[in-house]
Every structure is written in structure tokens, then in C-alpha cells.
Undergrad: 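Before we start, here is the structure in question, set down as C-alpha cells.
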Amino acid sequence: MTVDNVISPPARTLEPHDPFIESIVDPDADPAGGPHAAGLEEERADASSRASLSTSAAARRAALRPVVAVLKQPTLVASILVLALVTLWALVPSWFTAWDPIVGVPQDRLLPPSPEHLFGTDNLGRDLYARVVYGSATSLAATSVAVVVGLAVGSLFGLLAGFLRGIVDDAIMRFMDVLLAIPSLLLSLALITALGFGTLNVAIAVGLASIASFSRVMRAEVLQIATAVYIEAAHVSGVRWHTVLRRHVLPNASGPVVALAALEFGVMVLAISSLSFLGFGAPPPTPEWGSLVAGGRDYLAVAWWLTTFPGLVIVAVVLSANRISRALERNGGVR
């Protein structure tokens, strides 16, 4: 009598992907390969979905953080709205007024402000609000050209002086010291005398008179960045000096210079309006903020609005540019 069948348990045939084997390899696996495994897969999918949603929510919060920071500062919001409105005046003036800024109605001369004429009319019966709106294009275009000229030329000089140093630095900065010793308005007048009258020449003269400020700020930033470890690593790696300037130094030094450009925008609005007031800007009857103030000075006793409203627009733009400049400087500029 044999006892093999009593002593030995029956053999189990193990097939590939057997649930029994999978339960040994993966303790969480269901030996039957049924609903328990499916539930684990659903839990993993839910966890992955929650992680994805959390990441996207964090990205949205990070993107909205600057907007929230701006909205918490009412004066900054007001400054941005003022510049946005003036920019729209310059781009699409017909959206804001239906009056002709050049042709007036003689019987409507020197009318005070009213719902029909928001800023009143001038001595030729022209709507003053329309002239201010259409004059913003000339004034802002001249200011933009002046900022670009000062920013480009001044930053180039400062970049070369701070990076090359030595005799180049000495020569450039002594020249900038000479420019700083001359009042900017007087220097602008001297340049206009050489270039000639006109809005474009006024803009170029004002821009050239401001290159010393941009140059000194850019040089200070470059001197600070040029000693950084990554700049030295780029030199050791054999990167050409002009490539280091373009890829590493210029992007990292541009923040304070951009903040200065916002500040200089307001200063240049005031400078260009002053030169236009003196008669160096656009010839009549082209409207320009400075010339509008100059045209109303002979009627101060009978028509105060001719100088008041253009002057208030100039003040609002200058103060708004200064407020935005302070915000940029506080946050390290735009990098």
C-alpha cells in the first residue's frame, strides 16, 4: 500500500501571470486579480489627478501674484490707468472726441468748460479737449524717441565702461562728467541749435542730454555683475567677451536701467513740453501740450482753462511715470 498521496499535498500548477504568484510578488495585489487591483489603479489615478490639479493651481496663484500686488496699491493702479488713457488718446483719438483739433468755430471762441466742450474752447473757437487728445500723439511720440535715444546710447556707453574698464572706462566716464556738469535743458537748447527746430530734433536733443544718467546706472550694475561667479566661469570656458555681454551681463543689469527709463519718461515729457512752450517744437496749428500752454498764457485773465487743463494733463503724466518708476525700483526693475 502506498502512502504518497496521503503525505504529499496536491501539486499546484503555476501558469504565467498567475494571481497566486502576483500576490507573493506584490502584497497589495489581489490573488484573484479582481476588484481589489482595479481599486488600487483608481486610487493611483485619483492621486495623480489631484497632484496635477494642485500643480496647476499653484502655477495660477504664482501668475496672479504680481496682479494682486499691483491691485493692493491704489496709487499705482491710478498711475497705470492714466498712462493707459493717454496712450489710447495718442493711438485712437477719434474714439474720445468728434471735434476737429485744427478747424474751429469763430462764434464759439473762448467758451468755458461745458458738457459740449469739456475743456472749453480757445481764441479761435477750437475745442481744447480735442487739441489735448490729438496733441498727445505728438508729445508721447517725441518722448518715446527721447527715451529710446537716451536708453540706447547711455546704456551702450555704460556697458562698455563697466565691462572693459581701464582707459576706456576713464575716457567714457570723464565725458559723462562733463555732460552732467551742464544743465540738461541748457544742453538740449544747445543741441537744438545745432540740429534745428522741430519735434524730432527736440526729441533727439532731449535724449542725448540724458545719456549720462543711463550710462552711470548701467556702469554701476555692470561693475557689480562682472565679479559674479558665473561671469568668471564663462570667461574660463572660453566664451567670447561680446557673447558674455549679450547673454549674461546685459540681461542681469537691465532692471535698474528700465526703472530709470520709466522715471526719465516723466522728466522728458516735462522737458519736451518746456521746449515746445518756448517755441522749439511742432509749428502751429499742430497741437502739442507745451504749445497749448504757451498759446493760453495771453488769455489767463479771461480764459484760465486754456493753460490749466493742458498743464494738469502734463502733471498727471509726469506723476504717473514717477509712481511706476518707484514701483519698478522697489521690485528690482524688470529682468
Side-chain angles (χ1 to χ4, degrees), residues 79 83 86 135-136 138-162 169-222 253-254 256-282 288-294 297 310-311 313-326 328-329 333:
S79 300
L83 290 186
V86 173
S136 60
T138 304
S139 297
L140 292 188
T143 305
S144 300
V145 171
V147 171
V148 169
V149 170
L151 178 63
V153 179
S155 298
L156 178 61
F157 279 131
L159 193 66
L160 294 176
D169 183 18
D170 293 337
I172 291 177
M173 297 318 296
R174 296 299 76 75
F175 176 65
M176 296 304 162
D177 290 340
V178 172
L179 294 182
L180 287 173
I182 305 173
S184 58
L185 188 60
L186 180 60
L187 182 58
S188 299
L189 288 173
L191 293 173
I192 291 172
T193 303
L195 298 174
F197 293 2
T199 303
L200 180 61
N201 291 337
V202 167
I204 294 175
V206 172
L208 291 177
S210 68
I211 62 175
S213 301
F214 287 104
S215 178
R216 291 179 68 88
V217 173
M218 176 61 81
R219 175 181 177 271
E221 290 298 314
V222 171
S254 60
V257 180
V258 172
L260 177 63
L263 178 64
E264 287 292 326
F265 183 89
V267 174
M268 290 178 183
V269 166
L270 193 59
I272 290 174
S273 298
S274 300
L275 293 171
S276 176
F277 178 87
L278 296 175
F280 296 107
E288 195 173 10
W289 291 342
S291 62
L292 292 179
V293 176
R297 59 185 172 178
V313 171
I314 295 172
V315 170
V317 172
V318 172
L319 293 179
S320 299
N322 290 349
R323 179 65 183 87
I324 294 174
S325 171
R326 289 201 306 273
L328 290 174
E329 184 179 5

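Along the sequence shown, residues are numbered consecutively beginning with 1. This is a predicted model, so every value here is computed, not measured.
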Undergrad: Applying side-chain contact (heavy atoms from CB on, under 4.5 Å), run through Phe265 and Val317 and close with a yes or a no.
TA: CA-CA 9 Å; Phe265 183 89; Val317 172; 4.3 Å; yes

Undergrad: Taking the side chain as every heavy atom from C-beta outward, state whether Leu200 and Val145 have any pair of such atoms under 4.5 Å apart.
TA: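 A side-chain contact under 4.5 Å exists here.
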
Undergrad: Could you grab the distance from atom CG of Leu328 to atom CZ of Arg323, nearest 0.5 Å is fine?
TA: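 Answer rounded to 0.5 Å: 10.0 Å.
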
Undergrad: Which pair of non-hydrogen atoms, one from Val206 and one from Ala271, has the smallest distance, and what is that distance?
TA: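 Residues Val206 and Ala271, closest heavy atoms: CG1-CB, 4.1 Å.
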
Undergrad: Start with the C-alpha distance between Met218 and Leu160, add both sets of side-chain angles, then the distance that settles side-chain contact (heavy atoms from CB on, under 4.5 Å), and finish with yes or no.
TA: CA-CA 9 Å; Met218 176 61 81; Leu160 294 176; over 6 Å; no

Undergrad: Run the numbers on Leu275 and Ser188 for side-chain contact (heavy atoms from CB on, under 4.5 Å), then give the verdict.
TA: CA-CA 9 Å; Leu275 293 171; Ser188 299; 4.1 Å; yes

Undergrad: Report the C-alpha distance between Glu288 and Ser276 in whole Å, list the side-chain angles of each, state the deciding distance to 0.1 Å, and finish with yes or no for side chain to side chain donor-acceptor pair (under 3.5 Å).
TA: CA-CA 7 Å; Glu288 195 173 10; Ser276 176; 3.2 Å; yes

Undergrad: Could you tell me whether the side chain of Ser325 and the main chain of Ala262 form a donor-acceptor pair under 3.5 Å?
TA: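 Not at all, since once roles are kept as given, no pair shorter than 3.5 Å links the two residues.
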
Undergrad: Is there a side-chain contact (heavy atoms from CB on, under 4.5 Å) between Val153 and Phe157? Walk through the geometry before answering.
TA: CA-CA 6 Å; Val153 179; Phe157 279 131; 3.6 Å; yes

Undergrad: List the atom of Ala253, the atom of Pro256, and the distance in Å for their closest heavy-atom pair.
TA: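 Answer, listing the atom of Ala253 first, then Pro256: O-CD, 3.9 Å.
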
Undergrad: What's the spacing between Leu180 CG and Ile211 CD1 if we round to 0.5 Å?
TA: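 The distance works out to 9.5 Å.
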
Undergrad: Could you tell me if the side chain of Leu140 sits less than 4.5 Å from the side chain of Trp289, heavy atoms only?
TA: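 The answer is yes; the side chains approach within 4.5 Å.
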
Undergrad: With rounding to the nearest 0.5 angstrom, report the CG to OG distance, Leu189 to Ser184.
TA: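 Going from the CG atom of Leu189 to the OG atom of Ser184 covers 9.5 Å.
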
Undergrad: On a heavy-atom basis, which atom in Leu179 and which in Ala212 lie closest, and how many Å separate them?
TA: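 It is CB-CB, 4.1 Å.
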
Undergrad: Please check if atom CZ in Phe277 has more than 12 non-hydrogen atoms from other residues, nucleotides or ligands closer than 6.0 Å.
TA: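 Buried by this count: over 12 neighbours within 6.0 Å.
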
Undergrad: Is it true that a side-chain atom of Ser155 and a backbone atom of Leu151 form a donor plus acceptor pair closer than 3.5 Å?
TA: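 Indeed, once roles are kept as given, a pair shorter than 3.5 Å links the two residues.
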
Undergrad: Taking all non-hydrogen atoms of both residues into account, name the closest pair between Ile324 and Ser79 and its distance.
TA: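 Heavy atoms of Ile324 and Ser79 come nearest at CG1-CB, 4.1 Å.
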
Undergrad: For the atom pair CG (Asn322) and CG (Leu270), what is the distance rounded to the nearest 0.5 Å?
TA: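 If I round to the nearest 0.5 Å, the distance is 9.5 Å.
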
Undergrad: Which value, rounded to the nearest 0.5 Å, describes the distance between Ser144 atom OG and Met268 atom CE?
TA: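 One finds 10.5 Å between OG of Ser144 and CE of Met268.
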
Undergrad: Flag the pair Glu264 / Val257 as yes when at least one side-chain heavy-atom distance between them is below 4.5 Å, and no otherwise.
TA: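 Answer no - side chains too far apart.
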
Undergrad: Taking all non-hydrogen atoms of both residues into account, name the closest pair between Val293 and Gly311 and its distance.
TA: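 Where Val293 meets Gly311 most closely, the heavy atoms are CG2-N, 4.0 Å.
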
Undergrad: Which value, rounded to the nearest 0.5 Å, describes the distance between Leu319 atom CG and Ile314 atom CD1?
TA: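 Nearest 0.5 Å value for the CG-CD1 distance: 12.0 Å.
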
Undergrad: Kindly indicate whether the side chain of Ile272, heavy atoms from C-beta on, has any atom under 4.5 Å from the side chain of Val202.
TA: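 Of all side-chain heavy-atom pairs linking Val202 with Ile272, at least one is under 4.5 Å.
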
Undergrad: What are the two closest heavy atoms between Ala142 and Ala203, and how far apart are they?
TA: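 Closest approach of Ala142 to Ala203, heavy atoms only: O-CB, 3.2 Å.
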
